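For reference, the structure is listed below as structure tokens.
Just so it is clear, the model here is predicted, and its values are computed rather than measured.
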Amino acid sequence: MTERTEEETVACTVENGIAWVSFNRPEKRNCMSPKLNRQMRRVIEELEFRDDVGVLVLTGEGDAWSAGMDLKEYFRETEALGLGAIRKAQREAYSWWERLRWYEKPTIAMVNGWCFGGGYGPLFACDIAIAAEEAQFGLSEINWGILPGGGASKVVADLMPLRKAMYHAMMGENLTGKQAEAQGLVTEAVPAGQLKARVTAIAEALLKKDGHALRATKWAVRRMTEMTYENAEDYLIRAQEALHNFGGVEARKEATRQFLDEKSFKPGLGVFDKSRIGN
């Protein structure tokens with residue numbers, strides 16, 4: 001096939017409040033090139049404040065999620081242009097992963113197939129990760145004489161028990177989706193035929209919750225991973241105060257009214273009806 005344009009490296013559709021964003025280089029197992037990285041940044045930023053988008057799902061076209069960085073375009077061709085080109089390519093990749101980590105709206109990684117090396121960056125950036133049991137996860141860098149860079153080693157160290165992370169990084173052996181779930185790399189693994197339905201169900205559940213509270217919650221959980229208990233406690237107090245004064249106060253009042261006055265919902269068993277805020 002003819003080479004894809006920059007705009008064609010990422011596919012996107014919005015349906016019923018869910019933005020389905022796809023790596024779109026299936027012929028390359030969705031390896032991330034400088035073109036794809038630039039386009040992904042444009043796409044997710046355009047979606048972030050759209051009123052018709054409440055949840056973003058990141059997946060891959062074809063039989064792969066992403067097989068990592070494109071060895072030819074991201075590494076060999078960029079390195080031939082010198083240090084400036086290398087730094088620029090790194091910024092283009094890491095900047096959209098960073099944007100995704102602190103995204104305004106909930107994000108779900110729908111890992112439909114191969115997820116290797118650099119693919120761990122956006123995998124970690126998503127709030128929830130649901131994988132096909134048949135998916136394959138791997139840090140193959142050790143097999144060709146380098147270390148898992150670009151944040152990949154940090155990802156496994158944060159998400160997996162130390163002994164499992166060390167083995168995964170040092171041995172270069174693949175994990176199935178079920179193994180990745182058992183070791184903490186993904187949230188859940190389901191049969192491939194059930195993957196989209198499961199992700200859709202999670203996204204629909206998130207859409208029913210208050211967006212301000214979701215944003216505050218996901219940011220708080222990420223921030224607290226490197227805090228002491230006391231610092232986290234203080235942070236959460238301030239974050240709750242900020243939520244009450246930045247869009248969350250009306251939601252909290254309405255939820256409290258439905259719980260105390262109407263007794264129409266129980267927080268431990270469901271979510272309040274946010275469509276009644278202001279009514």
Side-chain angles (χ1 to χ4, degrees), residues 23 29-32 36-37 40 56-60 63-71 74-75 89-103 106-190 192 195 199 202 218-228 232:
F23 298 107
R29 284 189 171 167
N30 297 321
C31 285
M32 290 175 279
L36 183 147
N37 290 327
M40 190 64 79
L56 183 147
V57 176
L58 181 61
T59 190
D63 64 357
W65 196 71
S66 176
M69 294 312 210
D70 189 306
L71 297 185
Y74 183 83
F75 288 110
Q90 289 170 339
R91 285 196 299 269
E92 288 169 344
Y94 303 161
S95 68
W96 80 262
W97 303 351
E98 189 274 342
R99 180 68 254 129
L100 202 59
R101 284 198 303 275
W102 303 105
Y103 211 60
T107 57
I108 305 171
M110 185 171 81
V111 187
N112 53 303
W114 301 91
C115 179
F116 273 66
Y120 282 33
L123 174 70
F124 180 69
C126 290
D127 305 319
I128 296 169
I130 309 299
E133 292 178 350
E134 300 84 345
Q136 293 285 311
F137 296 81
L139 294 181
S140 60
E141 287 87 344
I142 196 68
N143 294 335
W144 44 289
I146 65 172
L147 62 82
S153 294
K154 172 64 171 172
V155 170
V156 298
D158 276 6
L159 296 181
M160 301 167 71
L162 176 61
R163 295 299 184 193
K164 296 296 186 181
M166 194 71 77
Y167 187 93
H168 188 52
M170 293 180 68
M171 293 296 289
E173 297 176 357
N174 296 347
L175 299 173
T176 65
K178 287 182 70 66
Q179 290 172 320
E181 176 189 6
Q183 296 184 25
L185 192 57
V186 299
T187 311
E188 184 179 329
V190 299
L195 181 60
V199 169
I202 293 171
K218 56 182 275 182
W219 288 358
V221 171
R222 285 194 184 274
R223 294 290 185 198
M224 288 187 298
T225 58
E226 296 182 355
M227 292 182 184
T228 64

Do the side chains of [Y] and [X] get nearer than 4.5 Å, heavy atoms only?
X	Y	result
Leu195	Glu133	no
Ile108	Leu56	no
Ile142	Pro148	no
Met224	Met227	yes

[X] [atom1] to [Y] [atom2] distance, which is reported to the nearest 0.5 Å:
X	Y	atom1	atom2	value
Phe23	Met40	CZ	CE	4.5 Å
Ser66	Met32	OG	CE	3.5 Å
Arg91	Asn37	CZ	CG	13.0 Å
Tyr167	Met160	OH	CE	11.0 Å
Lys178	Glu188	NZ	CD	10.0 Å
Leu159	Lys164	CG	NZ	15.5 Å

Self-check item: side chain to side chain donor-acceptor pair (under 3.5 Å) against Glu134, all qualifying residues, sequence neighbours excluded
Solution: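 Checked Glu134 against side chain to side chain donor-acceptor pair (under 3.5 Å); zero matches.
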
Distance-minimising heavy-atom pair for [X] and [Y]:
X	Y	value
Cys126	Ala109	CB-N, 3.7 Å
Cys31	Leu36	O-CD1, 4.0 Å
Gly150	Trp97	O-CZ3, 3.2 Å
Ala152	Leu139	CB-CD2, 3.9 Å

Quiz item: Going by the salt bridge (charged side-chain N to carboxylate O under 4.0 Å, His left out) test, which pairs reach into residues 110-132, not counting sequence neighbours?
Solution: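 Non-adjacent pairs meeting salt bridge (charged side-chain N to carboxylate O under 4.0 Å, His left out): Asp127-Lys218, Asp127-Arg222.
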
Mind checking what makes side-chain contact (heavy atoms from CB on, under 4.5 Å) contact with [X], not counting sequence neighbours?
X	value
Thr225	none
Ala157	none
Asn143	Ser140

Self-check item: CA sep, side-chain torsions, deciding dist, call: Arg99, Glu92, salt bridge (charged side-chain N to carboxylate O under 4.0 Å, His left out)
Solution: CA-CA 11 Å; Arg99 180 68 254 129; Glu92 288 169 344; over 6 Å; no

Practice problem: Please determine if Arg223 forms a cation-pi arrangement with Trp102, meaning its NZ or CZ atom is less than 6.0 Å from the six-membered ring centre and no more than 45° off the ring axis. | Solution: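 So Arg223 does make the cation-pi contact.
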
Quiz prompt | Evaluation steps, side-chain contact (heavy atoms from CB on, under 4.5 Å), between Arg163 and Met166 | solution = CA-CA 5 Å; Arg163 295 299 184 193; Met166 194 71 77; 5.8 Å; no

Quiz item: Is the side chain of Gln179 donor-acceptor paired with the backbone N or O of Thr176 at a distance under 3.5 Å, no angle test?
Solution: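 Yes, the answer is positive, given that a donor and an acceptor are paired below the 3.5 Å cut-off.
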
Quiz item: Hey, what's the ring geometry for Tyr120 with Phe137, parallel, tilted or perpendicular (30° and 60° as the breaks)?
Solution: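 Aromatic pair Tyr120/Phe137 classed perpendicular.
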
With a 3.5 Å cut-off and sequence neighbours excluded, list the donor-acceptor pairs that the side chains of residues 110-118 form with protein atoms.
{"residue": "Asn112", "atom": "OD1", "partner": "Thr59", "partner atom": "OG1", "Å": "3.2"}
{"residue": "Asn112", "atom": "OD1", "partner": "Gly60", "partner atom": "N", "Å": "3.3"}
{"residue": "Asn112", "atom": "ND2", "partner": "Gly60", "partner atom": "O", "Å": "3.0"}
{"residue": "Asn112", "atom": "ND2", "partner": "Gly62", "partner atom": "O", "Å": "3.2"}
{"residue": "Asn112", "atom": "ND2", "partner": "Ala64", "partner atom": "O", "Å": "3.2"}

Exercise. Applying side-chain contact (heavy atoms from CB on, under 4.5 Å), run through Ile130 and Thr187 and close with a yes or a no.
Key: CA-CA 6 Å; Ile130 309 299; Thr187 311; 4.1 Å; yes

